[in-house]
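Okay, structure first, notes after.
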2 protein chains.
Amino acid sequence: MPRKPSYDREDLIRRARDMFWKQGWAGTSLKNLETTLHLKPGSFYAAFGSKDALYQLALDQYAVDGAATLAALEHAHGPLGALQALPRHVIENKAAPARACMLAKTFLELSPHGHPLADHANGHLTRMEHRFADLFGKAQAQNQISIGHDPHGLARRYQSDLLGLRISAERPDYDAAATALEIAQSLSRL
Amino acid sequence: MPRKPSYDREDLIRRARDMFWKQGWAGTSLKNLETTLHLKPGSFYAAFGSKDALYQLALDQYAVDGAATLAALEHAHGPLGALQALPRHVIENKAAPARACMLAKTFLELSPHGHPLADHANGHLTRMEHRFADLFGKAQAQNQISIGHDPHGLARRYQSDLLGLRISAERPDYDAAATALEIAQSLSRL
DNA sequence: TATATACTTGAGTGATCACTCAAGAAAGAA
DNA sequence: TTCTTTCTTGAGTGATCACTCAAGTATATA
């Protein structure tokens, strides 16, 4: 008996994610979202409940996509190859609305206000860090890098460098490709 | 004949800077500023003209202080020593309201909206990058590091790593001291 | 076709945004 | 003391914020 929605929910979340990713939480108004999603206020709140609820869905989709990207790179290039390919991938990805990491931007913006979404973003960052540690561990098991380093320490440094690269890459005239190459090459010397 | 203001202008800018630095542009309302600066709307606009004008003054004061900090470190530890000491300094500085760089936060938040303050912040970032390149050049002249690298390339990478460190250092449970130490140590191997 | 169950619409809510301005208070010069 | 100039005050501006809800519309089942 019911009537079906005229939209694709996952597609709406993806479009909202791109907008939040680029413009941030405060920088994206309900009016912006209504325009981009072609949704009137009533439909928006019936579908998602609140701006924050949609933002959380967007964060989760971002994290899932990021994990999938890393898994695909591992499948294509192996654990060390994935870690070396990721820096270039994130700054060259034309489908992305921004170079900087949405998790880091969210955490930076909302953490000082004690907003729950900041903790949520930080949790995703931590899970990504663990994923990096897994890959460093696998690279050691395959004798691609020395076993002299703690995989978690390598992941801590790698993620930090990656966040720095992705922020720097937003700047006009910044040679992000050079920094990405250096990060990748430094992994070969481990 | 005139009446003097009852406040210290530089002190007001410093307090506004700390608030903008921690909470960002959109995250800091006029009401917040009026409370912290003990200024009614009329006095605020008579003194600074607009929220954006005060933000720019805050950015400039931040940049001047940053340059002074770097100069002091150079005086104390020499060019290479300053570059090695800075990572630890920025994450341990108890006077700072945040670990992350205010210039980077400003650029990240306002750049997608084409806000003039984003360009202003990026200009300061570029000048800091040049200052880093100067120090790398001096370190080469003093035979502290090899002359095989381009100082500007070293500065490009160093600044990116520093931005990453400072963002990571905002996260709870992140071992920023370890990453800061690794950045410093990597400079000894140049 | 009739009915039940959604989904869609858009005007409207109070709160907060950055900002204005006219009136009053204070302090140095005469 | 008086006058002039500036600073201080705080109610008030229109715009925008996230969000609500009652009324209208479309669709799958019976």
Side-chain angles (χ1 to χ4, degrees), chain A residues 1-13 15-59 106 109-110 112-118 120-121, chain B residues 1-13 15-59 106 109-110 112-118 120-121:
Chain A
M1 352 179 173
R3 179 186 175 187
K4 283 185 200 163
S6 65
Y7 50 74
D8 175 346
R9 185 177 169 86
E10 287 302 308
D11 182 58
L12 290 191
I13 295 172
R15 276 188 279 170
R17 180 204 65 187
D18 284 358
M19 198 164 218
F20 283 134
W21 185 355
K22 185 181 179 192
Q23 304 183 7
W25 185 86
T28 306
S29 71
L30 252 294
K31 198 162 201 181
N32 292 152
L33 290 168
E34 285 159 21
T35 301
T36 299
L37 306 185
H38 304 297
L39 241 43
K40 310 293 177 191
S43 296
F44 179 91
Y45 283 91
F48 301 112
S50 72
K51 178 183 174 181
D52 283 0
L54 176 56
Y55 198 104
Q56 177 160 336
L57 291 171
L59 273 184
T106 300
E109 180 182 5
L110 301 179
H113 302 288
H115 195 297
L117 286 169
H120 199 75
Chain B
M1 353 174 178
R3 179 184 175 187
K4 284 186 198 162
S6 66
Y7 48 76
D8 176 346
R9 186 177 168 87
E10 287 303 306
D11 182 59
L12 290 191
I13 295 171
R15 275 188 280 172
R17 181 203 65 188
D18 285 358
M19 198 164 218
F20 283 134
W21 185 354
K22 186 181 179 191
Q23 304 184 6
W25 184 85
T28 306
S29 71
L30 251 295
K31 199 163 201 183
N32 292 152
L33 289 168
E34 286 160 20
T35 302
T36 298
L37 306 185
H38 305 297
L39 240 44
K40 310 293 176 190
S43 296
F44 180 92
Y45 283 90
F48 301 113
S50 72
K51 178 183 174 181
D52 283 0
L54 176 57
Y55 198 104
Q56 178 160 334
L57 291 171
L59 273 184
T106 299
E109 179 182 6
L110 300 181
H113 302 287
H115 195 298
L117 286 169
H120 198 77

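Every chain is numbered from 1, with letters handed out A, B, ... down the list of sequences. Values in this document were obtained by computation on a predicted structure and should not be read as measured data.
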Looking only at side-chain atoms of Ser50(A), point me to the closest of dT20(C), dC17(D), dC19(D). dC19(D)
Could you give the NE2-to-C1' distance, from His115(A) to dA18(D), as a whole number of Å? 12 Å
Please state how far atom CD in Glu34(B) lies from atom P in dT20(C), giving the value in whole angstrom units. 13 Å
Whole-Å gap separating C1' (dC17(D)) and CG (Asn32(A)): 11 Å
In plain terms, say whether Lys22(A) and Asp18(A) are close enough for a salt bridge, that is, a side-chain N and a carboxylate O under 4.0 Å apart. no
Grab the NZ-C1' distance between Lys31(B) and dC17(D) for me, whole Å please. 15 Å
Send over the distance from Leu33(B) CG to dC17(C) P, rounded to a whole Å. 11 Å
Is there a side-chain contact between Tyr45(B) and the phosphate of dT20(C), meaning an N or O under 4.0 Å from OP1 or OP2? no
Between Trp25(B) (CH2) and dC17(C) (P), how many Å, whole number? 12 Å
Residues that Gln23(B) engages under side-chain contact (heavy atoms from CB on, under 4.5 Å), provided they are two or more places apart: His113(A), Met19(B), Thr28(B), Asn32(B)
Quick one: side-chain hydrogen bond (donor to acceptor under 3.5 Å, both in side chains) partners of Trp25(B), sequence neighbours excluded? Asp52(B)
Who pairs with Thr35(A) by side-chain contact (heavy atoms from CB on, under 4.5 Å), at least two apart in sequence or on another chain? none
Give me, pair by pair, the N or O atoms of the protein and of nucleotides 7-15 of chain D that are less than 3.5 Å apart, along with how far apart they are.
| from | atom 1 | to | atom 2 | distance (Å) |
| --- | --- | --- | --- | --- |
| dC7(D) | O2 | Arg3(B) | NH1 | 2.9 |
| dT8(D) | OP1 | Ser6(B) | N | 3.1 |
| dT8(D) | OP1 | Ser6(B) | OG | 2.7 |
| dG10(D) | O6 | Gly42(B) | N | 2.8 |

Measure the distance from CG on Leu37(A) to P on dT9(C) and round it to the nearest whole Å. 13 Å
Taking side-chain contact (heavy atoms from CB on, under 4.5 Å) as the definition, give me every residue that meets it alongside Ala46(B), ordered by chain and number, with sequence neighbours left out. none
Kindly write out the residues that satisfy side-chain contact (heavy atoms from CB on, under 4.5 Å) with Ser43(A), not counting sequence neighbours, or none if the list is empty. Leu39(A)
Measure the distance from CZ on Phe48(B) to C1' on dA18(C) and round it to the nearest whole Å. 16 Å
